[in-house]
Amino acid sequence: MAQLDFVVMAVFALLIFAIGLAFTRVGSKNSQAFFEAGGETPWWINGLSLFISYFSAGTFVVWGSIAYKHGLAANVIQLTMAISGLLTAMFIAARWKRTGTRTAAEYIGLRFGTRAQQFYTYLILVLSLVNTSAVLYPVGKMVYVATPLSLNTCIIIIGIIIVLYTAAGGLWAVLVTDVVQFIILMAAVLIVIPAALGDVGGFQSFVQKAPADFFEPFSNDYTAGFMLAFIGYQTVYIGGNWAYVQRYTSVSSERNAKKVAYLFCILYLVSPVIWMLPPMIYRVINPGLQGLEPEGAYMMLCQKILPAGLIGLVLSGMISATSSKANTTINLAAVVFANDVYKKIIHPAASDKTLVLIARIFTLLFGAGTIVVAMLVPLAGGIVEVVLSIAAIAGGALFAPMIWSLFSKHLTTISVITTTVVALSVNLFFKVIVPVIVHIKLSRTVETVMGVGIPLVLLGLFEVYYRSRNQVDPGALVLEEHIRKASRTGHAHQHDHQEAARQNRFGVSVIVIASSFVGLGIFALGCASGTNYTVMMVGGVVFIVSIASLLRIRIGAATAVKEKAVPSVKSPV
């Protein structure tokens, strides 16, 4: 990498960090601003945030590695996520908003009681620690491939930046940086694809030079059975992951909660081809990567085909996108700890300002822990093994019981905890102990089927048993009363609608101003690279759209002020 690439990366890192600082004052006002972003955020912001924080967990390293090795199968895996997003939009997202709760933890407390809430809170915090580490590692790996820095140094530097801006601005900082990161990423990938195809002689040449089975939808590891099971897992994960539940509950209505998931679905119908094409092309350029080397295929491609400055831009886009998953999970962990551990167990009388302070302190401590665990990922067999193993072991066990309970009045605290404990135990036994004792390792398909199937079968058995006895759980009645209260007041938590609207305007303004800087920077890089008109066009479009959006916001705000200033005139009776 040239010096210009490092300058570009530093500029974009400062931009993302500045966005976090811009929301420090907003996030410090009260816990609602820090944890809910005002409780009425625009659905499209939440939808983009859900999309980018979901796919970025390992798109460029995890799925990119699979795309390099197996080709089209990686695209099919990504398309399963669109199906799962559609199912979430149709059946689950609105249910979460209907509960009138701010977080999944609050819902569990109402529905199943404090002990169940604490049980799941501790498990989610542990899972969040591992998940965030599995995100920091691929970010560090991409920077490591492109720079002379060591892998651990890259993980530490990036981890510190993510933790600091998340601690500063809370959920608003996470949402806004996610949207800006989405723009940076889209611009970066749109620049890489034509350059990569040009390097291999065009799309037709790429198809001809690819391995014989490269465009088969399934492979030995990723069979049709795996894809079906993965749809089940993704639906549970998208619909029940506590961090994503925030995206459904922090909008203004059930209809908007559905829109969040529908936008996610639409983007995942388009994105697989865009995201997976570069590592597939690199398989043709350099077919000799072995072991864990395919994890770096994306960056190796960029280093080969892009001039100085643009490598830094693409790397910034990948880092930004991938880190959005980390900031989402870290923010969720801080919210859960502050509300459901500190306030309920340690200091019930804690004020809003104290809760925000505790959340920020926990963000720093939790972030430090994730950095340490991220350094251990290679010892677990690489990032692909870690991500898919976490999915198989914990996804269904932790999230399926809560989604099921959204539709059932019969599940009890004992039934959901039993389901989680049994599913986790069985999955861990076959993943960790069986390979050591009898030297048998389950296939990806069997692991995924068990991960989703065991909790669903247990929940179904409990449902049949309680229905046969006409037993309704008292917690379901408590939740129904809470929902009735929410329907009477518009929301169980009293929102300051004017303050929420002000926060929304400020958030959108920050997005478009930051995006205009991104567009201007990309255009300048295109000019600096000589005759790279694709880069100049992408930057120009981003800049023009951002400026037009900013003007529209300013005009709308001015109109609203004038209408408020003119008193209404009553007609004479």
Q: Within the structure provided, determine whether T249 and Y107 are in side-chain contact (heavy-atom separation under 4.5 Å).
A: no
Q: Could you tell me if the side chain of T41 sits less than 4.5 Å from the side chain of R247, heavy atoms only?
A: no
Q: List for me each residue that meets side chain to side chain contact (heavy atoms under 4.5 Å, CB included) alongside I371, sequence neighbours excluded, and say none if there are none.
A: L136, I155, I156, I160, M375
Q: Is K97 salt-bridged to E254, going by a charged N under 4.0 Å from an acidic O?
A: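 A salt bridge is absent here (no side-chain N lies under 4.0 Å from a carboxylate O).
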Q: For the CG atom of L406 and the CZ atom of F91, what is their distance to the nearest 0.5 Å?
A: 13.5 Å
Q: Please say which of L197, L301, L277 ends up in a side chain to side chain contact (heavy atoms under 4.5 Å, CB included) with V192.
A: L301
Q: For S84 and Y233, which I'm curious about, is there any donor-acceptor pair between the side chains at under 3.5 Å?
A: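 No, no side-chain donor-acceptor contact under 3.5 Å.
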Q: Taking the side chain as C-beta and beyond, is there a heavy-atom pair between F517 and V11 under 4.5 Å?
A: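 Not touching, per the 4.5 Å side-chain cut-off.
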Q: Could you tabulate the donor-acceptor pairs under 3.5 Å formed by side-chain atoms of residues 535-544, not counting sequence neighbours?
A:
none

Q: Any heavy-atom pair between the side chains of F399 and I124 that's under 4.5 Å?
A: yes
Q: Does CZ belonging to F203 count more than 12 external heavy atoms closer than 6.0 Å?
A: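 12 or below, so no.
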Q: Between T88 and K258, is there a side-chain heavy-atom distance shorter than 4.5 Å?
A: no
Q: Return the CD1 to CD1 distance between I193 and I281, rounded to the nearest 0.5 Å.
A: 7.0 Å
Q: Picking from T121, L127, L398, L125, what satisfies side chain to side chain contact (heavy atoms under 4.5 Å, CB included) with W242?
A: T121
Q: With rounding to the nearest 0.5 angstrom, report the CD1 to CZ distance, I77 to F230.
A: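 The CZ atom of F230 is 6.5 Å from CD1 of I77, to the nearest 0.5 Å.
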Q: So Y237 and Y244, would you call those rings parallel, tilted or perpendicular, with 30° and 60° as cut-offs?
A: perpendicular
Q: Could you tell me whether the side chain of L456 reaches within less than 4.5 Å of the side chain of W404, counting heavy atoms only?
A: yes
Q: How long is the gap from CG on L79 to CG on L72, to the nearest 0.5 Å?
A: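 So the CG of L79 and the CG of L72 are separated by 8.5 Å.
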Q: With a 4.5 Å cut-off on side-chain heavy atoms, are L267 and L48 touching?
A: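 Side chain of L48 against side chain of L267, heavy atoms only: contact under 4.5 Å found.
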Q: With a 4.5 Å heavy-atom cut-off, do S516 and L550 have their side chains touching?
A: no
Q: Please test L87 against I238 for side chain to side chain contact (heavy atoms under 4.5 Å, CB included), starting from the C-alpha separation and ending with a verdict.
A: CA-CA 10 Å; L87 293 174; I238 297 168; over 6 Å; no
Q: Could you tell me the separation between the CG atom of L263 and the CG atom of N256, rounded to the nearest 0.5 Å?
A: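 If we round to the nearest 0.5 Å, L263:CG and N256:CG are 11.5 Å apart.
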Q: Would you find more than 12 non-hydrogen atoms of other residues, nucleotides or ligands less than 6.0 Å from K259 atom NZ?
A: yes
Q: Quick check for you: to the nearest 0.5 Å, what is the distance between S408 atom OG and I403 atom CD1?
A: 13.5 Å
Q: Work out which heavy atom in T80 is nearest to a heavy atom in M227; give both atom names and the distance.
A: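 That closest heavy-atom pairing would be CG2-O, 3.9 Å.
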